[in-house]
Amino acid sequence: MRGEIPNMIRKFPEHFLWGASTAAHQVEGNNVHSDFWLMENINGSSFTEPSGEAVDHFRLYRGDIGLLTGLGLNTYRFSIEWARIEPEEGKFDETAIQHYKDVLEACKEYNVTPIVTLHHFTSPQWLIQAGGWESEETPERFARYCEYVMSKLGDAIPYVCTINEANIAIGIKKIMEKHQSGGNAQVGINTGMMTRMQNYYAELGKAFGISPQEINTFLAPRSDQGMEIIFRAHTKARDAIRQVCPTASIGITLSLYDFQSVPGGEDHAANELYEEFLQFLPYLQNDDFFGLQNYTRSVFGPDGMLPVPEDAETTQMGYEYYPQGLESVIRKAFEHLNKPIIVTENGVATDDDEKRIAFINRALEGVHACISDGIPVLGYMHWSLLDNFEWQLGYSKRFGLIEVDRSTQKRIPKRSAYHFGSIAKNRTI
Ligand code: GCO
């Protein structure tokens, strides 16, 4: 076995994309026209804290890209914020376009390849007021925004991801259903939680000026029809981008666990793979690449998903520390979707940076093994470049290669950042 060969040198291909990812709302700050801004700032918000000025990446992007390149990385995955580009329906903000033009210009100056995501969870408030991600008109609206951005900026964008984790609502729906039908011991907690959620949604309805049932943000539980709308938004956007920017490589990103089973759980694991991945394959056939995101595994037994074993090491997110999952997810994805793969996210929330180093090593060993077997993995983007706003969980979860002191916005690269950078520079693990 690979791991048993001492001092084996694993060399990566010459043009491998070595990078790190961020998402606009999690790092830029003051994303005031977005749906999340409202959700974070209303009374009784379910967010532990608001994003506020985040890590001020909107202002500090140039220094951050400089840091990334200084470490030895050659690729930066970031997202463009729809709510900045189109704060009111049909009104496009030229100053926002100019901002992202400047970001792309900084990438060029530093010789960094940009991978741009056009939707990373947040949407403009007006989109939610117009029915959000359950509206039949959303694919058209999304495609119009993508076409606009790519007609203005596309020349500087070699890789574009339409929608980040387009399958995420599947998992959210399952979590909600589990809570709603919770076992006896949990009923008290669930009733309390449900009441809080109802109050929160009532407040949110007032803030958006629509009824609570009509709030369909990207991360809300989705109907089957809503899932189809998301994937139609992807194909429509892809076709529109091709028209204005035939040179860009276009893909989507999906979050995939390494689905495993113990005896008796095989059907559950297979079913999960179908629901999270296989059912969407028809929409991806004309894509140029597949953006794969993996953080851990989930294991199934005869009665469904098994809890994380008591003796397993867990991350700050509560899930299992499992860097070896990436390799098997890449293999599975390639088996079913014969396309080049970019690992658009993979990482670990921890304060123990040695764990991050070990995680990166193991994950990259897996990527290398896949490449050696002929799977076209074009790049690996670590999540995340910077410690940032982890959505409902706020700033307490640390995924970054670079620490940020938010009282001064000072950046402090961690040892793992230098470690990953030196792997990238030598192309060797
Ligand atoms: C997601 C997103 C990121 C997260 C990251 C860590 O997967 O939820 O793409 O925005 O911050 O995955 O949880």
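Just so we're clear, the structure is a prediction, and the values are computed from it rather than from any experiment. Along the sequence shown, the residues carry numbers beginning at 1.
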| Side-chain donor-acceptor pair present, Glu365, Asn361, cut-off under 3.5 Å | no
| said: Can you tell me how far apart OG (Ser384) and CD1 (Ile402) are? Round to the nearest 0.5 Å. | reply: 9.0 Å
| Phe259 backbone acceptor or donor facing Lys332 side chain under 3.5 Å | yes
| Does any N or O in the side chain of Gln125 come within less than 3.5 Å of the main-chain N or O of Val32, such that one atom is a donor and the other an acceptor? | yes
| Side chains of Glu345 and Tyr295: donor-acceptor distance under 3.5 Å anywhere? | yes
| field | Expected output: side-chain Arg398 to main-chain Ala349 donor-acceptor under 3.5 Å | value | no
| task | Say whether, by atom type as modelled, one donor and one acceptor occur between the side chain of Thr122 and the main chain of His119 under 3.5 angstrom. | result | no
| said: Suppose the criterion is side-chain hydrogen bond (donor to acceptor under 3.5 Å, both in side chains): which pairs have a residue in residues 157-169, not counting sequence neighbours? | reply: Arg77-Asn164, His120-Asn164, Thr162-His234, Asn164-Thr253, Asn164-Gln293, Glu165-Gln293, Asn167-Glu276
| Partners of Asp93 by salt bridge (charged side-chain N to carboxylate O under 4.0 Å, His left out), sequence neighbours excluded? | none
| field | Ser123 side chain to Trp133 side chain, donor-acceptor N/O pair below 3.5 angstrom | value | yes
| said: Side chains of Thr217 and Asp35 only: does a donor on one sit below 3.5 Å from an acceptor on the other? | reply: no
| Under 3.5 Å, is there a donor-acceptor pair between the side chain of Thr48 and the main chain of Gln392? | yes
| Which value, rounded to the nearest 0.5 Å, describes the distance between Arg144 atom CZ and Glu140 atom CD? | 8.0 Å
| Distance (rounded to the nearest 0.5 Å) between Lys91 NZ and Glu89 CD | 10.5 Å
| task | Check each of Trp82, Phe47, Phe36, Phe78 against His25 using the ring pair (Phe, Tyr, Trp, His ring centres under 6.0 Å) test, and report the only one that passes. | result | Phe36
| request: Look up atom CZ in Phe12 and atom OG in Ser372, then write down how far apart they are to the nearest 0.5 Å. | output: 8.5 Å
| Flag for Tyr319-Ser298: side-chain donor and acceptor within less than 3.5 Å | no
| request: Quick one: pull up NZ in Lys414 and CG in Leu71 and give me the separation to the nearest 0.5 Å. | output: 12.5 Å
| message | Between Ser34 (side chain only) and Asn31 (backbone N and O only), is there a donor and an acceptor less than 3.5 Å apart? | response | yes
| task | Mark yes when over 12 heavy atoms from residues, nucleotides or ligands other than Asn111 sit less than 6.0 Å from its CG; otherwise mark no. | result | no
| note | Taking every heavy atom of Leu337 against every heavy atom of Leu281, the minimum-distance pair comes out as CB-CD2, 4.0 Å
| Got more than 12 heavy atoms from elsewhere within 6.0 Å of CZ, Phe300? | yes
| said: Between Thr296 and Glu320 (side chain of the first, backbone of the second, donor and acceptor by atom type, cut-off under 3.5 Å), is there such a pair? | reply: yes
| Going by atom types alone, do Gln213 and Ser211 pair a side-chain donor with an acceptor below 3.5 Å? | yes
| request: Check step by step if side chain to side chain donor-acceptor pair (under 3.5 Å) holds for Gln129 and Glu214. | output: CA-CA 8 Å; Gln129 285 156 347; Glu214 289 167 343; over 6 Å; no
| field | Nearest heavy atoms of Gly52 and Trp37, plus distance in Å | value | O-CZ3, 3.5 Å
| query | Does Asp352 use its side chain to pair, donor to acceptor, with the backbone of Glu354 at less than 3.5 Å? | reply | yes
| task | Please answer whether the main-chain N or O of Gln285 pairs with a side-chain N or O of Lys339 as donor and acceptor at a distance below 3.5 Å. | result | yes
| said: Using modelled atom types and a 3.5 Å cut-off, is there a donor and acceptor pairing between side-chain atoms of Ser45 and backbone atoms of Asn41? | reply: no
| said: Taking NZ in Lys236 as the centre, count heavy atoms belonging to other residues, nucleotides or ligands within less than 6.0 Å. Is the count above 12? | reply: no
| query | Are side-chain N/O atoms of Asn388 and Glu390 paired as donor and acceptor at under 3.5 Å? | reply | no
| Around Lys355, counting heavy atoms of other residues, nucleotides and ligands shown, do more than 12 lie under 6.0 Å from its NZ? | no
| remark: Heavy-atom nearest pair, Phe121 first then Phe218, reads O-CB, 3.4 Å
| field | Test: Arg84 cationic atom under 6.0 Å from Phe58 six-membered ring centre, within 45° of axis | value | yes
| query | Judged by modelled atom types alone, do Asn346 and Tyr380 share a side-chain donor-acceptor pair under 3.5 Å? | reply | yes
| field | Near-ring test Phe290/Phe277, centroid separation under 6.0 angstrom | value | yes
| Cation-aromatic face contact Arg297/Tyr257, 6.0 Å, 45 degrees | no
| message | Whether the Ser51 and Glu40 side chains hold a donor-acceptor pair (N or O, under 3.5 Å, no angle test) is what I'd like checked. | response | yes
